Amino acid sequence: MTGTILIYGGSGGIGSATARRLKARGYRLHLAGRDRAALSAIASELGATFTAADVEDPACFAMITGEAGADLAGLVYAAGTINLKPLARLTPADFERDFRINALGAALAVQAALPSLKAHEGTPAVLLFSTVAVAQGFTAHASVAMAKGAVEGLTLALAAELAPKIRVNAVAPSLTRTPLAKALTANEQMATAIAQMHALQRLGEADDIAALAAFLISEEAGWITGQIIGVDGGRSTLRTKG
């Protein structure tokens, strides 16, 4: 299998789990993220290369793509935020940062990688991340749901524009036990209460999300594009209690 998968947020819970899944499928990996020490450790474990950079800096995307190499088989943009505040407490800076990291960063990452993706001999894939909160109205989710809603629109627009050469999909998880979500999952009473809102009665684990992410990047998903797929324990569609 040729080509490299570029993973933004490669030291995060879902990004690193996806990296491990893709490594098991035989892909080469280039990881990007802010935490140099964590990236170095994961890259060493997986035999990957990495770039430490902040996606809030628009200049980073060209640098990261250049270090990833000229032949990309795929791009995973797993950088994100969980900024939960009621509308009255949200500032313009909150909205701007959530949009910049989740939506603008995804767009700029794909834009920078486009020549390398097009150079790949096969049909490369792009995977973005949304949230169940776009399809479901949750209190205190205005900023992140707005930003991730933009990611879903971006997914569909890019899937149409880049077809048939490049596939583009998104995964929309519910609450998942990752370092980013620690503020919500560290309190076991709160975590249990949220888990019970799901038909499958548990929170997600990073590998639950990574299993689908790695599949969507792989050639096995060669006829799937333009899809927003929930991995959410049934949260977006099922209510098991009256």
Side-chain angles (χ1 to χ4, degrees), residues 1-12 14-16 18-19 21-23 25-34 36 39 42-43 46-80 99-130 147 150-171 213-228:
M1 195 171 293
T2 61
T4 298
I5 308 297
L6 169 56
I7 303 177
Y8 286 85
S11 62
I14 291 173
S16 61
T18 301
R21 285 269 184 171
L22 289 169
K23 178 67 176 180
R25 286 176 174 266
Y27 287 99
R28 297 192 301 273
L29 303 171
H30 187 87
L31 311 179
R34 289 182 297 180
R36 177 177 292 275
L39 282 172
I42 296 168
L46 299 178
T49 54
F50 72 92
T51 304
D54 191 337
V55 298
E56 292 193 68
D57 175 9
C60 82
F61 297 102
M63 175 185 70
I64 290 169
T65 301
E67 294 190 6
D71 177 20
L72 288 181
L75 184 153
V76 177
Y77 189 85
F99 185 83
R100 190 164 59 246
I101 293 175
N102 291 284
L104 179 60
L108 294 178
V110 178
Q111 184 183 61
L114 200 53
S116 296
L117 290 166
K118 288 181 175 179
H120 187 66
E121 289 185 1
T123 303
V126 170
L127 184 68
L128 308 180
F129 283 89
S130 182
V151 172
E152 293 197 6
L154 177 67
T155 299
L156 298 180
L158 293 182
E161 180 175 335
L162 302 181
K165 173 61 179 174
I166 300 169
R167 299 184 299 106
V168 185
N169 295 290
V171 173
F215 169 73
L216 289 173
I217 284 290
S218 77
E219 295 170 356
E220 293 178 80
W223 209 45
I224 301 176
T225 195
Q227 303 302 307
I228 316 295

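Owing to the predicted nature of the structure, the values given are computational and were not obtained by experimental measurement.
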Close side-chain approach of [X] to [Y], heavy-atom, < 4.5 Å:
X	Y	answer
Leu158	Val126	no
Val168	Leu154	no
His120	Leu72	no
Asn102	Tyr77	no

message: My understanding is that only residues two or more places apart in sequence, or in another chain, count here; which of them pass side-chain contact (heavy atoms from CB on, under 4.5 Å) with Ala53?
response: Thr51, Cys60, Met63, Ile64
- request: Check side-chain contact (heavy atoms from CB on, under 4.5 Å) between Ala19 and all other residues, then give those that pass, not counting sequence neighbours.
  value: Ile7, Leu29, Leu31, Leu46
task: Go through the structure and list residues passing salt bridge (charged side-chain N to carboxylate O under 4.0 Å, His left out) with Glu67, not counting sequence neighbours.
output: none
message: For Arg34, I'd like to know if atom CZ has over 12 heavy atoms of other residues, nucleotides or ligands within 6.0 Å.
response: no
query: Near Lys118 NZ, under 6.0 Å, is it more than 12 heavy atoms from other residues, nucleotides or ligands?
result: no
Using side-chain hydrogen bond (donor to acceptor under 3.5 Å, both in side chains) as the criterion, list what pairs up with [X], not counting sequence neighbours.
X	answer
Ser130	Glu152
Ser116	none
Gln227	none

- prompt: Distance from Arg21 atom CZ to Tyr27 atom OH, nearest 0.5 Å?
  reply: 14.0 Å
- line: Nearest heavy-atom contact between Leu216 and Ala125 is O-CB, 3.9 Å
